[in-house]
Protein chains: 4
Amino acid sequence: MARPKSDDKRNTILAAATEIFAERGLAAPTAAITGAAGVAEGTLFTYFKSKDELVNALYCQIKLDLADALMAGFPRKSSVRARMQHVWDHYVDWGIANPTQFVVLKKMKVWEGLTCQSQMAGMTPFAEIQAMSQDAIAQRLFVDLPEPFIAGMLTAQAEATMDFMKLEPEQAQMYKTCGFEVLWAGITRKR
Amino acid sequence: MARPKSDDKRNTILAAATEIFAERGLAAPTAAITGAAGVAEGTLFTYFKSKDELVNALYCQIKLDLADALMAGFPRKSSVRARMQHVWDHYVDWGIANPTQFVVLKKMKVWEGLTCQSQMAGMTPFAEIQAMSQDAIAQRLFVDLPEPFIAGMLTAQAEATMDFMKLEPEQAQMYKTCGFEVLWAGITRKR
Amino acid sequence: MARPKSDDKRNTILAAATEIFAERGLAAPTAAITGAAGVAEGTLFTYFKSKDELVNALYCQIKLDLADALMAGFPRKSSVRARMQHVWDHYVDWGIANPTQFVVLKKMKVWEGLTCQSQMAGMTPFAEIQAMSQDAIAQRLFVDLPEPFIAGMLTAQAEATMDFMKLEPEQAQMYKTCGFEVLWAGITRKR
Amino acid sequence: MARPKSDDKRNTILAAATEIFAERGLAAPTAAITGAAGVAEGTLFTYFKSKDELVNALYCQIKLDLADALMAGFPRKSSVRARMQHVWDHYVDWGIANPTQFVVLKKMKVWEGLTCQSQMAGMTPFAEIQAMSQDAIAQRLFVDLPEPFIAGMLTAQAEATMDFMKLEPEQAQMYKTCGFEVLWAGITRKR
DNA sequence: CATGAATGAGAATTCATTCAT
DNA sequence: GATGAATGAATTCTCATTCAT
């Protein structure tokens with residue numbers, strides 16, 4: 001967490017790691033990362049104590065980045081549907097705009113070395129979305145399910161949707177719209 | 001023929017690999033696998049040309065195993081809903097009953113070494129489920145979306161659901177039931 | 001040296017070994033040899049206690065084979081020159097007719113595992129040629145040098161000659177003839 | 001630059017390889033080489049991409065070393081005989097003074113992994129000797145044979161001679177002198 | 001601090017040899 | 001005897017990490 005010197009260099013390494021991990025998996029050698037970052041092999045270790053720490057840091061960074069994307073312009077005052085749609089749209093857009101980050105995130109989710117700390121740190125920025133869901137549940141707008149489960153459904157659906165948008169880019173808009181409808185129909189109470 | 005290559009031993013290795021990969025990731029040393037399988041290090045390579053081939057074989061085997069679980073007692077003559085529910089229930093049950101296979105499958109899905117061949121081989125046993133969805137789409141029972149997308153939603157929802165069932169086993173039945181309702185509400189046409 | 005059963009099989013293995021060693025070097029796996037011989041991997045070891053023993057046996061066999069070729073029709077009663085020419089011609093012809101044996105012999109000569117026994121066994125069949133040289137030295141026909149040195153020159157020249165015959169087959173006859181002239185001029189006393 | 005790749009270390013490894021290969025053959029483990037060189041096992045691979053590359057590099061180095069020895073003080077202005085004698089003497093002296101290099105060179109000549117590149121690189125430093133022979137052939141001093149064949153004879157004779165010099169060191173001088181006479185008598189035109 | 005050579009603990013194979021069938 | 005699966009020691013090479021420059 002301490003950044004000895006240039007934040008810049010740290011970010012360069014993180015960016016290179018994203019690229020390399022996306023292509024070659026988390027097992028890619030650190031030398032490939034430093035190579036791509038244009039720094040010496042040893043430099044990585046002045047910014048990150050170990051490769052594991054680098055991966056954990058990258059996880060947190062990507063999660064934060066994603067949260068930023070989701071929350072930018074979040075319509076706090078609008079309807080639940082509008083807010084939900086905002087999250088969905090921004091989530092999906094982010095995934096499409098940042099395919100390497102998205103891929104790496106997927107790989108990190110099944111990685112053995114993620115610390116609990118990182119996992120928790122990755123969740124906090126999404127608090128406002130949680131609050132929204134809890135609200136909607138309390139208002140009996142959503143089905144009566146624990147909030148994390150709603151979030152899980154959202155994530156799962158969105159990720160599946162993105163896969164198809166990437167596979168068939170010309171149908172991307174359709175998948176994006178319909179994916180949300182499926183989710184919304186699923187989680188809202190049938191009057 | 002002297003000591004024929006036993007399917008038994010092959011399966012022992014595959015089983016050990018599942019266990020080890022689940023615990024330690026696909027990067028686990030082959031020596032750990034052979035150790036767990038109770039065979040010599042070299043023996044793995046008389047059954048699989050390389051570690052990559054082992055992982056691919058394991059992928060196919062697990063997929064086949066899963067398909068068997070889904071299709072056992074598939075109610076071909078019943079309603080779409082009954083058949084869908086059957087698939088959901090059996091999928092979720094399989095995931096809960098076979099947590100290591102489930103975890104390994106997840107890791108293999110983001111692994112870089114999966115061959116196209118394996119990926120295709122992993123899909124074929126699910127043909128009948130595809131057919132069912134296509135049917136339901138044609139009958140205008142399901143929303144008008146490509147069949148693979150429906151399958152993707154099913155998979156995504158089911159996997160998310162299983163995660164919660166494992167996290168809160170005492171709520172497992174509830175998640176299982178509600179998860180299906182969310183899916184069903186999402187993919188069926190609102191009259 | 002004990003041949004458990006079929007001499008035939010032993011020879012098949014030896015022949016296959018020649019082929020394989022010529023192509024891939026003495027480091028070639030025994031499995032490659034048994035594969036080429038059409039026998040099981042283990043069978044090699046009922047005919048030869050170890051790979052080293054096989055190589056030693058092959059060395060002796062090739063040397064014997066070569067000696068047979070050199071001595072076939074040896075003109076015991078003719079002039080030294082005629083006998084020398086006979087040896088040269090037959091040596092060179094054998095090398096050209098048996099390129100794989102020739103190549104393997106070369107490799108075995110610099111191999112670390114040749115036993116003294118094999119080396120000696122490989123020499124004995126050439127006794128008559130030695131005798132001839134000793135005779136020619138005593139008669140002051142050859143320069144006054146130790147006999148083994150003469151033999152060494154013969155071998156060295158012949159082998160160099162064969163290399164060129166193989167490289168330029170259309171010049172083979174020329175090299176064969178001239179090579180002998182060079183040798184003969186070199187080792188005979190200038191009156 | 002941090003700790004630049006030292007030519008020194010590279011040479012130490014090459015020297016150790018020579019020693020080890022001479023004793024135990026080219027199949028000797030790289031660990032034996034690094035052990036003898038006093039460096040870590042991995043260090044070998046920062047100087048040579050693979051074991052094969054190391055052997056090829058060693059081949060080129062020894063050939064270059066030999067060429068240096070042959071050409072040191074080459075009497076360009078003297079008679080063909082003097083120049084030839086120079087080559088012979090220096091060749092033989094080098095072989096005697098550097099027995100391990102000599103032995104390794106022999107083994108490398110029958111090795112399967114020598115690249116064409118290395119073989120060619122090994123030849124170029126001997127260009128001047130070639131020129132000399134071609135000259136002597138053109139002047140009708142040597143028998144009318146292709147130059148490479150003359151070189152082959154020289155090499156073959158010299159190597160055979162060295163073997164005897166090593167076997168009977170007290171006769172070394174005699175072998176050296178007589179060996180040359182045999183060669184010279186062989187390749188020069190009889191008036 | 002940055003650099004990249006040095007390190008050495010692994011890792012995946014290979015392969016001679018054994019031995020159950 | 002023949003077979004070929006099983007064995008496990010040995011080998012080459014990789015790579016995270018350290019540390020001299």
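Per chain, numbering begins at 1; letters A, B, ... match sequence-line order.
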Practice task
Using heavy atoms to find the nearest nucleotide of DNA chain E for B:S50 and D:V39 separately, return the residue whose nucleotide is more 5′.
Solution key: D:V39

Exercise for the section: Could you tell me whether the phosphate oxygens of E:dA6, OP1 or OP2, come under 4.0 Å of any side-chain nitrogen or oxygen in D:K9? Expected result: yes

Problem - Candidate nucleotides E:dA12, F:dT12, E:dT7, ranked by approach to the side chain of B:F45 - the nearest - result: E:dA12

Problem - Pair D:T115-D:S118, side-chain donor/acceptor within less than 3.5 Å - result: yes

Exercise for the section: Check whether any side-chain N or O of C:T43 sits under 4.0 Å from OP1 or OP2 of F:dA2, and answer yes or no. Expected result: no

Handout entry: Donor on one side chain, acceptor on other, A:D65 and A:W94, under 3.5 Å
Key = yes

Fill in the blank from the handout: Among E:dA2, F:dC13, E:dA16, the one nearest any side-chain atom of A:Y47 is E:dA2

Practice task
Test C:K63 against C:D68 for salt bridge (charged side-chain N to carboxylate O under 4.0 Å, His left out), laying out the working first.
Solution key: CA-CA 9 Å; C:K63 275 283 198 170; C:D68 275 358; over 6 Å; no

Practice task
Nearest whole angstrom, please: distance from the P of F:dT14 to the CZ of A:R24.
Solution key: 12 Å

Problem - 5' precedence on DNA chain F between B:G38 and A:K49 (nearest-nucleotide basis) - result: B:G38

Problem - OP1 or OP2 of F:dC15 under 4.0 Å from side-chain N/O of A:T30 - result: no

Problem - Between E:dA11 (P) and B:L26 (CG): distance, integer Å - result: 15 Å

Handout entry: Protein-nucleotide distance (A:D52, atom CG; F:dC15, atom P), rounded to Å
Key = 16 Å

Completion exercise
Against the side chain of D:T46, the closest entry in E:dT7, F:dA2, F:dA16 is E:dT7

Exercise for the section: Both distances under 3.5 Å, Watson-Crick or G-U wobble: report the partner of E:dT17, or none. Expected result: F:dA6

Exercise for the section: Take B:A40 and A:A31, find for each the nucleotide of DNA chain F with the closest heavy atom, and name the residue whose nucleotide sits nearer the 5' end. Expected result: B:A40

Fill in the blank from the handout: To the nearest angstrom, the CD-C1' distance between B:E41 and E:dA11 comes to 9 Å

Exercise for the section: Round to a whole Å and report the spacing from CG of B:L44 to C1' of F:dA6. Expected result: 13 Å

Exercise for the section: Rounded off to whole Å, could you give me the CG-to-C1' distance for the D:D8 and E:dA6 pair? Expected result: 15 Å

Exercise for the section: Calculate the interatomic distance between D:E53 atom CD and F:dC13 atom P; express it in whole Å. Expected result: 10 Å

Practice task
To the nearest Å, give me how far apart CD1 (A:I13) and P (F:dT17) are.
Solution key: 14 Å

Problem - Side-chain (A:T34) to main-chain (A:T30) donor-acceptor, under 3.5 angstrom - result: yes

Exercise for the section: Determine the contact category for A:A32: base if any of its heavy atoms lies under 4.0 Å from a base atom, sugar-phosphate if only primed atoms, P, OP1 or OP2 are that close, otherwise nothing. Expected result: nothing

Handout entry: Heavy-atom closest contact (A:E53 atom, A:F48 atom, distance)
Key = OE2-CA, 3.7 Å

